S.K.: 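One structure, as structure tokens, below. Some questions next.
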Protein chains: 4
Amino acid sequence: MADSSTSSIVAAPKQERSKQTKEKIVQAAIKLFQERGYEKTTSNEIASEAGVSVGSFYVYFTDKRSLLLTIFDRLADDLYKVVFDGFNAEHLFDSELRPRIKQAIAKAIADKQRRSGLHKVIYELVLKDQEFSARHKEIMERSNSKLRELISLAHAANLTWDADVEAAAFLVQRVVFDLSQDYVTGCCEFDLGRAIEGLTNMIYRFLFKPAAISEAGSGPAK
Amino acid sequence: MADSSTSSIVAAPKQERSKQTKEKIVQAAIKLFQERGYEKTTSNEIASEAGVSVGSFYVYFTDKRSLLLTIFDRLADDLYKVVFDGFNAEHLFDSELRPRIKQAIAKAIADKQRRSGLHKVIYELVLKDQEFSARHKEIMERSNSKLRELISLAHAANLTWDADVEAAAFLVQRVVFDLSQDYVTGCCEFDLGRAIEGLTNMIYRFLFKPAAISEAGSGPAK
Amino acid sequence: MADSSTSSIVAAPKQERSKQTKEKIVQAAIKLFQERGYEKTTSNEIASEAGVSVGSFYVYFTDKRSLLLTIFDRLADDLYKVVFDGFNAEHLFDSELRPRIKQAIAKAIADKQRRSGLHKVIYELVLKDQEFSARHKEIMERSNSKLRELISLAHAANLTWDADVEAAAFLVQRVVFDLSQDYVTGCCEFDLGRAIEGLTNMIYRFLFKPAAISEAGSGPAK
Amino acid sequence: MADSSTSSIVAAPKQERSKQTKEKIVQAAIKLFQERGYEKTTSNEIASEAGVSVGSFYVYFTDKRSLLLTIFDRLADDLYKVVFDGFNAEHLFDSELRPRIKQAIAKAIADKQRRSGLHKVIYELVLKDQEFSARHKEIMERSNSKLRELISLAHAANLTWDADVEAAAFLVQRVVFDLSQDYVTGCCEFDLGRAIEGLTNMIYRFLFKPAAISEAGSGPAK
DNA sequence: GATGAATGAGGTTTCATTCAT
DNA sequence: AATGAATGAAACCTCATTCAT
């Protein structure tokens, strides 16, 4: 997943030096894509920013697109880790469930915002490029199945409302992903703290039966 | 004096022709943008598809971008009408509230899907173009304030949970908008009916206090 | 000479109304050519500034070029009059000859400066357009032959140095024309008063024998 | 250490190629500008004439204008050298002063005529382009200050009439420059030899006091 | 005569990619 | 492996001019 080898395989850098060059290119690209967007960053600029020649660029990447694909994979891996490292099955039966959920949401949004320029650029490609779109689906499916697993457990323990566990997993994932995306695009200026609090409520009430929840303890954090 | 009826026909023959030409261009652009996306559609192709010269294209639009901006406005107006024509303040106290909400969600998603190619293209621009982004904000704000108004009313009638009406309005709007967007991008293949049912539950449980709701009547429609 | 009918003849406006329309176009063109130059002024802009339609523009002028040709003729006529109305054969034997020469030079420069934008534009065309170049030659020849006539008279009266009257006329005319042109182009910032005084000396000393001149009375005007 | 001579050959193989390409473009441009003028020469034609791709054109020059600016600078340098390499301060006190002046004038005109197409094109731009106009001013100022220096020396030696050395330098320079320009534009057909002879007289008589000159030796060279 | 919508050839410029060194 | 000069297809846009009304 962390290798952009879907469309084509270029020389796998065996030497240490090669690895470094490739990394320099990736870092330069990340910087420039964030600043200017995908179309407005030229391969010459990336090479120049990386301190290598355009020729080298094309030794390591078949084209600009495959470079972004590489970056895409890394980003997705990082995000997945950030979110789910702090949220496991055991937390479901924790008395601190609600804060845990809230924290996971907050982390997802924060991590995306850190690299918002990049997420914007990638999403742009997801919208118009078949391969990006497919990769995006895979990534979504990965966290989706993780959520499905967790919600199934909760459902088995009779904590949840719905019979449709799959729909629940799908929606929860989408809702969190999309809201982070909204903050990435810069299209919304609503206070982030209140939005996270609200979203936590939305998800919490959606999933868990009122019997199981003490709303008293889940009031606004303030 | 005897022919006063003809005057209206003669009145604006030039204006009428202009309007038609402009409309031909808009329709051609909608068709091509849907099929090929923004970047891959050239002004020459639009003109040619519309059956006019490139020159005419540039008489009516300063560039491709301004044409898409025009289309964007139309689309936003249409969507707003489709969603909120079927959902007014009076429906809040209706016994049919839940089905109404579900229908509004379904309409929003369906309308977007009808023109999904277009919504994709526009969102692509929202991601990278300042003016599109600003226009997007305005449009979001419009439906947001409508929702705020409705939720305030419900809150005043003690139907809702949250004190933070603004956050609630913001989230509900985002969640619906974003999910429709997900179906537009083609990034998700989850069964639409189950997703709508789930989203209705999510919003319903998020907003309305359990006392006020009879979950019995809100089970899966099937 | 005052009609741009060299390349083609369009309808000669018989009606008063027509004349007015044509004049409006000419005035609008003068204004815009001065402000923006020839290439940067479009026929649509001229028509619009004149308050008529582009169609009308092409009724009165075959093209943009022929319009400028019309303006060219007018300008040349005006300039000729301004310069030579104040300088006749009789002035040659006047005791005030030097001041008369100085005044003629000053007038030539001043008149050109008044319409410098226009002179710039026309000269631009003279440089690249055969017909403008030919017209320019004619105009130059006109004032040249006037000067030849005057210098011949002075020569006959034994006031001048040179045997080569033709060369003298040619040079005097060029020198004055070109210096005014320099002030038109805005390429020189040298104090106009001192330049005129110097040029008067240059021409005076060039033409008239020292015996005939009392340099005492021709010192710097200061 | 044994091969230090080869290093200079290997040193800049890339740079050398670049220089050649740039030079090919410049030469092609000179040829085409002379033949067709500025506007009527397209960047594609220049590249094609130079035997390189349009892309290369834009590697070396930001646009057609900057290319002409480069040519402008070269031309100005060449002209300056041609004129002032043959005329130094020492020549002022030479018995051959008058022939030297005549020769300098002749050289200036001849050099310009050699490249008349180019001078025409450049002057066209001087008329309508701010940057060309500014560059033109600088160039004029350069030869102007050289002349001021020379005339000051002559003035100090009591050879000249005028107290206004600056005006004299300004006028002499203009008069020579402008007359050469007249021959460049092709606007005048007057016999060049007689014109040069006349201009020499004009300048000579303007600058130098009659006491210092023996007009006997300044008759037509023929 | 007047109108102004429509035309379309043709110029400018960009940039991902190649390939000789 | 690395280089970077060179490529050239292809997009954008302008504006003088026409012609149906």
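Heavy-atom basis, side chains included; hydrogens, waters and symmetry copies ignored. Numbers restart at 1 for each chain; the letters A, B, ... are given by sequence-line order, proteins then strands. What you are looking at is a predicted structure, and each value in this text was computed from that prediction instead of being measured.
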S.K.: For dA20(E), give the paired nucleotide (Watson-Crick: N1-N3 plus N6-O4 or O6-N4; G-U: N1-O2 and O6-N3; both under 3.5 Å), or none.
M.R.: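 Matched dA20(E) with dT3(F) under the 3.5 Å cut-off.
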S.K.: When you check the phosphate oxygens OP1 and OP2 of dT14(F), does a side-chain N or O of Y58(B) lie under 4.0 Å from one of them?
M.R.: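 Looking at the OP1 and OP2 atoms of dT14(F), neither is under 4.0 Å from any side-chain N or O of Y58(B).
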S.K.: What nucleotide among dA5(F), dA2(E), dT7(E) has an atom nearest to a side-chain atom of S53(C)?
M.R.: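 Of all the options, the side chain of S53(C) is nearest to dA2(E).
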S.K.: In whole angstrom, give the distance that lies between atom NZ of K40(D) and atom C1' of dT12(E).
M.R.: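 Those two atoms, NZ and C1', are 19 Å apart.
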S.K.: Among dT7(E), dA5(E), dC12(F), find the nucleotide with the atom closest to the side chain of N44(B).
M.R.: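 It is dC12(F).
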S.K.: From C-beta outward on V54(B), which listed nucleotide comes closest to its side chain: dA5(E), dG4(E), dC13(F)?
M.R.: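 From the listed options, dC13(F) comes nearest.
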S.K.: With a distance cut-off below 6.0 Å to the six-membered ring centre and an angular limit of 45° from the axis, does K120(A) pair with F33(A) as a cation-pi contact?
M.R.: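 No, K120(A) does not lie over the aromatic ring of F33(A).
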S.K.: Identify whether any heavy atom of S43(C) sits under 4.0 Å from a base atom; if not, whether one sits that close to sugar-phosphate; answer base, sugar-phosphate or nothing.
M.R.: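 Since a base atom lies under 4.0 Å of S43(C), the category is base.
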S.K.: Can a side chain N or O of S56(D) be found less than 4.0 Å away from OP1 or OP2 on dT7(F)?
M.R.: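 For dT7(F), OP1/OP2 do have a side-chain N/O of S56(D) under 4.0 Å.
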S.K.: Out of dT3(E), dT7(E), dC15(E), which nucleotide sits closest to the side chain of T42(A)?
M.R.: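 Nucleotide nearest to T42(A)'s side chain: dC15(E).
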S.K.: D63(A) near the nucleic acid: base, sugar-phosphate alone, or nothing, with a heavy-atom cut-off under 4.0 Å?
M.R.: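 If one applies the 4.0 Å heavy-atom cut-off, D63(A) turns out to touch the sugar-phosphate alone, with no base involved.
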S.K.: To the nearest Å, how far apart are F57(D) CZ and dT7(F) P?
M.R.: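 Computing the F57(D):CZ to dT7(F):P distance gives 14 Å.
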S.K.: Assess K128(B) against Y38(A): is NZ or CZ under 6.0 Å from the centre of the six-membered ring, and within 45 degrees of the ring's axis?
M.R.: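 The answer is no; the distance or angle limit is not met.
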S.K.: Under 4.0 Å, heavy atoms only, any strand: does Y60(D) hit a base, just the sugar-phosphate, or nothing?
M.R.: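 Sugar-phosphate: the residue Y60(D), judged by heavy atoms under 4.0 Å, touches backbone atoms but no base.
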